[in-house]
Amino acid sequence: MPPSADMETFRKLVNAAKHVVILTGAGVSAESGVPTFRGAGGYWRQFEAQQLATLQAFRKNPSLVWEFYHYRREVVLTKEPNPAHLAIAEFEKRLQHEGKKVVVITQNVDDLHVRAGTEKLIRLHGSLFQTKCMNCSDIAVNFDSPICPALKDKGKPDTNAEDARIPVESLPRCQKCQGLVRPGVIWFGENLNEGDLTAAGKELEECDLCLVVGTSSVVYPAAMFAPQVAARGVPVAEFNLESTPATSRFGFHFEGPCGKTLPQALSP
Ligand SMILES: NC(=O)c1ccc[n+]([C@@H]2O[C@H](COP(=O)([O-])OP(=O)(O)OC[C@H]3O[C@@H](n4cnc5c(N)ncnc54)[C@H](O)[C@@H]3O)[C@@H](O)[C@H]2O)c1
Ligand SMILES: *[C@@H]1O[C@H](CO)[C@@H](O)[C@H](O)[C@H]1NC(C)=O
Ligand SMILES: [Zn+2]
């Protein structure tokens, strides 16, 4: 049976649910104007994200990798949460009042869910606004703009922009030990945080309704999450501009921009 697009039926399930998990990907931030760094137009200078978002790239040229992340931070700071982020945050508040639980599990690193007011949030890929010390492993929240004086006006994305070659002493440093810090995101080739994975697994085991918003459902392990929930017989609804490889495994599919469809689904 193909997934249903019946919003009234889905809203009844939303009203009856006691523990809702909302999985989100890059698509939830698309209407905020956050670029994806994937596919066409996904380049920064002559690099694809996969070339810079690695520990090897950072060890080789921490200045270049910081320029890339500085650029991404500054771009996201000019963006605002959109109606999809806000609908999710308001839904959480409303259900909390009724003694029910809503948890967001996101692949996004832009923190727009945080800025929208979401409280129960698992960030599987970390955050652009956290740093991790290469020396003492301290993790710190950091919304400074620029993150350090040497990066001011650096990070221009044009192919002909010059590599700033900032000395390592002038890159972002740890408040605790003065060591070099790195962006607090999970890079290609790195494992997800064990605690986050365990926490996500528990929510997925216990939830009685699941929404999958703006993810292509191809990136492991998040790609398996919703199909696992569906296999347990729990209703899963996908909100996307198009069908994905996982669509046929879900009970509901709401096609269109999630800034429109989510407020319809989650409003009182
Ligand atoms: N905002 C961010 O933090 C950000 C942005 C880009 C990429 N990333 C990273 O890259 C990876 C991307 O995987 P992914 O599955 O999250 O994204 P993806 O780019 O693979 O897929 C995005 C999905 O969103 C859908 N979409 C686009 N606009 C939409 C809209 N307005 N409403 C509903 N759906 C919409 C697309 O059809 C697509 O299926 C992740 O690992 C993530 O960490 C993060
Ligand atoms: C690194 O950490 C050690 C203690 O763990 C400390 O003595 C040292 O000063 C730190 N600093 C740098 C710059 O690596
Ligand atoms: Zn440190």
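Quantities reported herein were computed from a predicted structural model and do not represent experimental measurements.
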Worksheet item: Does the side-chain contact (heavy atoms from CB on, under 4.5 Å) test come out yes or no for K154 and S63, once each step is laid out?
Response: CA-CA 10 Å; K154 304 296 184 201; S63 169; over 6 Å; no
Fill in: Evaluation steps, salt bridge (charged side-chain N to carboxylate O under 4.0 Å, His left out), between K260 and E31
CA-CA 10 Å; K260 281 245 160 59; E31 289 160 75; over 6 Å; no
Worksheet entry | Stepwise salt bridge (charged side-chain N to carboxylate O under 4.0 Å, His left out) check, E206 with K202 | CA-CA 6 Å; E206 293 174 357; K202 189 163 179 291; 3.3 Å; yes
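Every residue meeting the side chain to side chain contact (heavy atoms under 4.5 Å, CB included) condition with A140, not counting sequence neighbours, appears here in chain and number order: T131, D138. Partners of E205 according to the salt bridge (Lys or Arg N to Asp or Glu O under 4.0 Å) rule, which considers only residues two or more places apart in sequence or in another chain, do not exist here.
Considering all non-hydrogen atoms of both residues, P3 and F250 come closest at CB-O, 3.3 Å. Residues L124 and F225 approach most closely at CD1-CE1, 3.7 Å, considering heavy atoms. Taking each heavy atom of L266 and I22 in turn, the nearest pair found is CD1-CD1, 4.4 Å.
A side-chain contact (heavy atoms from CB on, under 4.5 Å) with S29 is found for exactly one of T106, D111, V34, namely V34.
Checked by atom type and distance alone, the side chain of R11 pairs as donor or acceptor with a backbone atom of Q264 at under 3.5 Å. The main-chain N or O of D144 is found under 3.5 Å from a side-chain atom of R73 such that the two form a donor-acceptor pair. Under a 3.5 Å cut-off, the side chain of R173 and the backbone N or O of Q178 do form a donor-acceptor pair. The main-chain N or O of A164 is found under 3.5 Å from a side-chain atom of E67 such that the two form a donor-acceptor pair. Listed for the W44 side chain is a donor-acceptor partner under 3.5 Å among the backbone atoms of G155. Side chain of R182 to backbone of W66: no donor-acceptor contact under 3.5 angstrom is found. A donor-acceptor pair under 3.5 Å is absent between the side-chain atoms of R249 and the main chain of V236, judged by distance alone. A donor-acceptor pair under 3.5 Å is absent between the side-chain atoms of D158 and the main chain of R45, judged by distance alone.
Remark: the T54 side chain and the R59 side chain contain no N/O donor-acceptor pair separated by less than 3.5 Å. For the residue pair T118 and H85, no side-chain donor N or O sits within less than 3.5 Å of a side-chain acceptor on the partner.
Here salt bridge (Lys or Arg N to Asp or Glu O under 4.0 Å) pairs that include residues 84-109, with residues two or more places apart or in two chains, are E98-K100, K101-E203.
A heavy-atom distance below 4.5 Å is not found between the side chains of N108 and H125. Here the side chains of I122 and V104 are not in contact, with every heavy-atom distance at 4.5 Å or above. Put simply, the side chain of D208 reaches to within 4.5 Å of the side chain of H19, judged on heavy atoms.
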